[in-house]
Undergrad: 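Attaching a single structure in structure tokens format; questions to follow.
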Amino acid sequence: MGATDGEELAVYPGSFDPITNGHVDIIRRGAKLFPRILVAVLENPKKATLFSVEERMEIIREIFKDPPRIEVEAFHGLLADFTKLRGARAVIRGLRAVSDFEYEMQMALMNQQLNPELETLFMMPSARYTFLSSSLVKEVFALGGSVRELVPSIVEQKLREKFAADPESLSI
Ligand code: PNS
């Protein structure tokens, strides 16, 4: 790998518990700007998640099995370290509304402090996804609402499987 290879790589980090159509939208937009997008799935043993990191990665791989092909990897620890290790120069984050801004700005500036070579790029999802979040998807599904328009069909299927195996699992 050459020294400049990483300049073509953008990392899109998140919890993706589960991935929503809003995330998919951002990945597709990012893939138009960068030849390589690496979706970095946070593995945090301290945070209770509905889907294991393996399940979350498997779902994302399934969604992107056709072009645009993207890479998927788990990471733990500092994002600034992970991006350095992978030689990435950019992190992509979606900004849905002003309410996202403060937290995102803090993270971006902290990452800049930790790795001055790293740039954070904010992208807007399509307006129809600005209200969407993984936690709302889980809540709506757990309460019997339809998530068909909100997540890829594989996610809906996996939510159904989780719920069938353990109805309590969705109450996190
Ligand atoms: O989908 P999320 O939960 O909004 O993603 C948050 C994520 C994974 C991007 C953020 O929590 C993160 O980067 N965690 C890694 C730990 C880290 O680097 N913390 C310091 C940056 S402020």
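Since the structure is predicted, the reported quantities are computational estimates derived from the model, not experimental observations. Just follow the structure's listing: the first ligand is 1, and inside any ligand the first atom is 1.
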Undergrad: What's the separation between atom CD1 in Ile60 and atom CD in Glu71, rounded to the nearest 0.5 Å?
TA: 13.0 Å
Undergrad: Please report the closest heavy-atom contact between Pro18 and Val137, naming both atoms and the distance.
TA: CG-CG1, 4.5 Å
Undergrad: Among all protein heavy atoms in this structure, tell me which lies nearest to atom 9 (C) of ligand 1, with the distance rounded to 0.1 Å.
TA: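 Looking only at protein heavy atoms, the one closest to atom 9 (C) of ligand 1 is Arg93 NH1, 3.4 Å.
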Undergrad: Keeping the roles fixed (side chain from Ser126, backbone from Tyr129), state whether a donor-acceptor pair exists under 3.5 Å.
TA: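 Answer holds: no.
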Undergrad: Identify, by atom number and element, the atoms of ligand 1 in contact range of Gly77, meaning under 4.0 Å from any of its heavy atoms.
TA: 15 (C), 16 (C)
Undergrad: Among all protein heavy atoms, pick out the one at the shortest distance from atom 1 (O) of ligand 1; state its residue, atom name and that distance to 0.1 Å.
TA: Ser15 N, 2.9 Å
Undergrad: Among all the protein's non-hydrogen atoms, which is closest to atom 14 (N) of ligand 1, and how far away is it?
TA: Leu42 CD1, 4.0 Å
Undergrad: Provide the number and element of each atom of ligand 1 under 4.0 Å from a heavy atom of Met107.
TA: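 The atoms of ligand 1 under 4.0 Å from a heavy atom of Met107 are 10 (C), 22 (S).
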Undergrad: Tell me: protein heavy atom nearest atom 19 (N) of ligand 1, and distance?
TA: Leu78 CD2, 4.0 Å
Undergrad: Within the structure provided, determine whether Tyr12 and Ile27 are in side-chain contact (heavy-atom separation under 4.5 Å).
TA: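 Heavy-atom side-chain distance check passes, below 4.5 Å.
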Undergrad: Side chain, backbone, both or neither: which part of Gln106 comes within less than 4.0 Å of ligand 1 when only heavy atoms are counted?
TA: neither
Undergrad: Atom 11 (O) of ligand 1: which of Tyr12, Phe16, Tyr103 has the nearest heavy atom?
TA: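 Selected option, by shortest heavy-atom distance: Tyr103.
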Undergrad: Begin with the C-alpha distance, continue with both residues' side-chain angles, and end with the deciding distance and a verdict on salt bridge (charged side-chain N to carboxylate O under 4.0 Å, His left out) for Glu73 and Arg86.
TA: CA-CA 11 Å; Glu73 222 181 293; Arg86 291 289 167 270; 2.6 Å; yes
Undergrad: Distance under 4.0 Å to a non-hydrogen atom of Asn111: what atoms of ligand 1 satisfy this?
TA: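 Counting from 1, the qualifying ligand atoms are 21 (C).
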Undergrad: Which bit of Asn44 is near ligand 1, meaning a heavy atom under 4.0 Å away: side chain, backbone, both or neither?
TA: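 It is neither; nothing of Asn44 touches ligand 1.
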Undergrad: Does ligand 1 have an atom that lies less than 4.0 angstrom from a heavy atom of Phe82?
TA: no
Undergrad: Measure across Leu9 and Phe34 and return the closest heavy-atom pair with its distance rounded to 0.1 Å.
TA: C-CD2, 4.5 Å
Undergrad: Test your reading of the model: is there a side-chain donor-acceptor pair from Asp100 to the backbone of Arg96, 3.5 Å cut-off?
TA: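 Yes, because the side chain of Asp100 sits within donor-acceptor range (under 3.5 Å) of the backbone of Arg96.
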Undergrad: May I ask you to list the atoms of ligand 1 that are less than 4.0 angstrom from any heavy atom of Leu79?
TA: 13 (O), 17 (C), 18 (O)
Undergrad: Just by modelled atom types, is the Tyr103 backbone N or O under 3.5 Å from a matching donor or acceptor in the Gln106 side chain?
TA: no
